[in-house]
Each structure stands twice: as structure tokens, then as C-alpha cells.
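Take a look at the structure set out below.
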Amino acid sequence: MARRQSIIQFKLRAGESLINIDDYRRAARRRLPQMVWTYVDGGAEDLVALRGNRSAFSEWAVRASVLKGYGEPDLSTTVAGVPLSLPVLLSPTGFTGLSYWKGDVAAARAAERAGTRYALSSASSWTIEEVAGATREDHFFQLYPSGTSAEVASAMERAWNTGYRVLIVTVDTSTRGSREGERRKGMGMPPVLTPWRVVEGAFHPKWAFDFMVHQRIAAPALSSLGKIRQTGGMGRAVEAIEEMERVMQPTLNWGDVEWMRERWKGPMFIKGIMDPADAVHAADVGMDGVIVSNHGGRQLDHAQASIAALPAVVDAVGDRVEVLVDGGFRRGTDILKALALGARAVMIGRPYIYGLAVHGEEGVVEVVDILRDELKRALTLTGVRSAQEVDRSHLVPRHGVAQSGRG
Ligand SMILES: Cc1cc2nc3c(=O)[nH]c(=O)nc-3n(C[C@H](O)[C@H](O)[C@H](O)COP(=O)(O)O)c2cc1C
């Protein structure tokens, strides 16, 4: 006889309730020392761009259509020819090992378990070979194309030979954004440790243990550019952060990008496009895609919100290139809005770092699954069959009047 399930569960403590991305954010904040937290969660100067990335979603409301009877919506899509189970990829983030020592390896493995891809940063905590060796699928590689052309060519060659086929070139770092929170908490140049900061780190014993034992802090991918000597622990970390200063690309120009385009045989995307004219230029020089991004509000404060910049970019390039977008995606309805405005897929940065800090690899899968569930629910309630079907007719300005007569 089947056991009857009890209708109410009694527990001494309710435990941590991790229902949405913001819950993971709060839990991650508790688990990380302040120095690391401000690095992960902070933004440039007055945080106007950072906050704008979130608040701009409220400019649109979703127009639902009822009684369609479609059943469960299909979330699948492709980006650069790569099939994905949902239109969400993991953006490149540097120094992931600071939040969880297995950083890039854990994120890449979680991405493939969740049916998507990880974009490995040039400033990763694990090398491109280590990540390739720990995963089955080909992930994407993000390059800061600084240094001599020989160095850039060698980094590209190394990524290609390791099996990376999609190259993302980040171009919104002509100088380093001023993240004042980081500087105040000692993550400036050079990093400043005070007795309190050391004690504060020790208040996070699990983090401190992993930090000391594994020392997965620095950016070995940069060492591929021949810039960072393979020193150990904090020494390597400081060297890597110094190197990040030099990675900034004040003289980078379209000629450099064209030069890279000629050398890279696979699909190539430019990340950090906000101006429709730049998107057209990217298409003209043979890019396969653009990523509309203000670097998560970490570079130019008062930059337009990514979601606000998206429609003009889509209108300018049409079907010539794939348009992705990142910055502030925390809800399924955010993703729905980006798809409706013409993005092929969205990317997330901080949300998966929260997942890493809270539950490691599993935490990243959990975060992606939350977004998957929310997107599925949002599409079902909107009355569409698939993520690819949603279009601008499903959005209305927040205070606008819905047009009638959609087919
Ligand atoms: C801690 C951190 C490190 C980052 N490092 C890189 C990087 O190495 N390369 C890069 O192209 N973008 C980097 N970014 C920007 C992200 O790729 C992405 O554009 C941004 O995080 C998206 O916003 P979101 O965090 O609100 O999702 C970083 C972002 C964060 C939060």
C-alpha cells in the first residue's frame, strides 16, 4: 500500500530559502569576505549604470494573451551554431576562484550540465587547458586583446588548439572603470590588507581555508599571453591584478579587430557594444555576433542600461549578426523582454558567481534552473509557444496603452 504523504512538514528550523536569484545574492554576501564581495557585486563610481541595468526592465510591461492552449513552451535555441537548452549563457568573469576555488572549472561544468555554455575570461583562475580538460563540450573564450600582435596571436592560437571555437573580444575596457567600493575595501592597486581585513577573512573559515589551501585566485589565462610569471598564492594574485591594469586597451581600434577576424577561423563576437553604429561596423568587418553590454555597470558610470540599448542595435543590424545582451538579468521576465526586443539570447555574470559562492558547481546549475523555470512560466503566462516566437508585440511601455489587433 502506498504511504500517505503528510500534508504538513514540521522542522526545527526552516533553513535557507533559496527561491530566486536575489536569495542567492544575499547568501553569497554572507559567505564572502567584504573585499571579495565588493569586487563581485560592485560597480563604477555612483552605481548609476549598475542600478540602471536593473531598473530599465521596468520600462516595459509584458502583454499576455490568454487561452492559447499551447502547453509547455520550448526554450531551446542556438548561439553561433551551438545548440542550447535555454537562451542563457554565462558571461566571462575574471578571478572566479576568489568566490569559489574551483571557479571556472565548476562554472563550465555546470554550464554544460544545464545545457548551455561558459565564456572563459582571459582573467580566469584556471587555465584554458584545465577548463577544456574538465569539460566535454567546447566552451567560448573571451579575450582582452592587449599586448603585442604576437602575444594576441599566440593567445588565439592556444585557445583554438585547445578546442575553443567561439571567440569573444571584449572592447569596453579602454581604461579601468573606477569601482570605488573595491578601492575602499582594499581591492585597489596594490591590494591593501589591514589586520581587520585579515580577521574578517578568518570569519569566513570555509572561504579562508580554500583560499589558503588551493590558492586559485589569479589569472593563469593571462600567463598564456606570457605576462604573468607562475608565482604562487598571493604573489600571483597581486601580479595578476597588476597585469589587469596593463590589459586595458586605450589604443585598441577597428583595425585590430579586423586583424583578429582574419586570423580566427571560428565564430567571433564583440562584447561591449552599446552604439548601433558600432554594431553595424562589427557586422561590416565580418563579426558573427555582438554582445550589447555595459560590463555590468563596472566601467562607464551613467552608461545607458544594456536592455535600453538593445532595440536600436537590433534595428541597426537586422539579421546580419546574432545579438546577445547582458547586464542585470535576474528574472525570467527580464529574459523574456530581451528576447522580445530581438536578442537571440542573454548572458549572466554575477548570478552564477552567487551560485558558485553558495553551492559551488551545483549552485550554478541551481541558478540557471531558477531562470529556466521563471522563463518557462513567463512564456506560458504570456501565451507563446517558444522562446524564439516572442517578439515586440508582447511588450508595451510600462505606462502605455496596449495596441489591439495583433495577429
Ligand atoms: C566580478 C566580475 C568580473 C568580470 N570580469 C570580466 C572579464 O574578465 N571579461 C569580460 O569581458 N567581462 C567581465 N565582466 C563583465 C561580465 O562579463 C558581464 O558583462 C556582466 O557581469 C553582466 O552583468 P551582470 O553581472 O549584471 O549579469 C565581469 C563582471 C564581474 C561581475
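Quick caveat, the model's predicted, so the values are computed rather than measured. Whatever order the structure lists ligands and atoms in, that order sets their numbers, starting from 1.
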Identify, by atom number and element, the atoms of ligand 1 in contact range of [X], meaning under 4.0 Å from any of its heavy atoms.
X      : result
Ser293 : 19 (O)
Thr170 : 10 (C), 11 (O)
Tyr39  : 1 (C), 3 (C)
Arg330 : 24 (P), 25 (O), 26 (O), 27 (O)
Lys271 : 10 (C), 11 (O), 12 (N), 15 (C), 16 (C), 17 (O), 18 (C), 19 (O)
Gly349 : 21 (O), 24 (P), 25 (O), 27 (O)

SB check [X] [Y] (cutoff 4.0 Å):
X      : Y      : answer
Asp369 : Arg372 : yes
Arg392 : Asp315 : yes
Lys102 : Asp210 : no

Ile19: what forms a side-chain contact (heavy atoms from CB on, under 4.5 Å) with it, not counting sequence neighbours?
->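 With sequence neighbours excluded, Ile19 shows a side-chain contact (heavy atoms from CB on, under 4.5 Å) to Ser17, Asp23, given in chain and number order.
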
Option nearest atom 16 (C) of ligand 1 (shortest heavy-atom distance, choices Gly327, Gly296, Gly43, Pro92) =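 Of the listed residues, Pro92 has the closest heavy atom.
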
For atom 31 (C) of ligand 1, which of Met347, Arg298, Arg179 has the closest heavy atom?
->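 Selected option, by shortest heavy-atom distance: Arg298.
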
Looking at Trp207, does the NZ or CZ of Arg31 lie under 6.0 angstrom from its six-membered ring centre and within 45 degrees of the ring axis?
->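 Judged by the rule, Arg31 and Trp207 form no cation-pi pair.
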
Under 6.0 Å from the six-membered ring centre of Tyr70 and within 45° of its axis: does the NZ or CZ of Arg385 meet both?
->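 Relative to the ring axis of Tyr70, which defines the angle, Arg385 lies inside both limits.
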
Pick one of side chain, backbone, both or neither for how [X] approaches ligand 1, counting any non-hydrogen atom pair under 4.0 Å.
X      : value
Phe95  : neither
Gln142 : side chain
Ser121 : side chain

Looking at CG of Leu336 and CZ of Phe57, how far apart are the two atoms once the value is rounded to the nearest 0.5 Å?
->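 Interatomic distance, Leu336 CG to Phe57 CZ, rounded to 0.5 Å: 11.0 Å.
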
If you draw a 6.0 Å radius around CZ in Arg263, do more than 12 non-hydrogen atoms from other residues or ligands fall strictly inside?
->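 Buried by this count: over 12 neighbours within 6.0 Å.
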
Contact check: Phe329 vs ligand 1, nitrogen or oxygen atoms, below 3.5 angstrom |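 In fact, backbone or side chain, Phe329 has no N or O that close.
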
Would you check the N or O atoms of Gly94, main chain and side chain alike, for any that come under 3.5 Å of an N or O of ligand 1?
->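 Yes; the residue has a nitrogen or oxygen that sits under 3.5 Å from a nitrogen or oxygen of the ligand.
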
Taking the six-membered ring for Trp and the single ring otherwise, decide whether the centroids of Tyr118 and Tyr352 are under 6.0 Å apart.
->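 Yes - the distance between ring centres of Tyr118 and Tyr352 falls below the 6.0 Å cut-off.
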
Does Asn53 come within less than 4.0 angstrom of ligand 1, counting non-hydrogen atoms of the residue?
->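 It does not; every heavy atom stays at 4.0 Å or beyond.
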
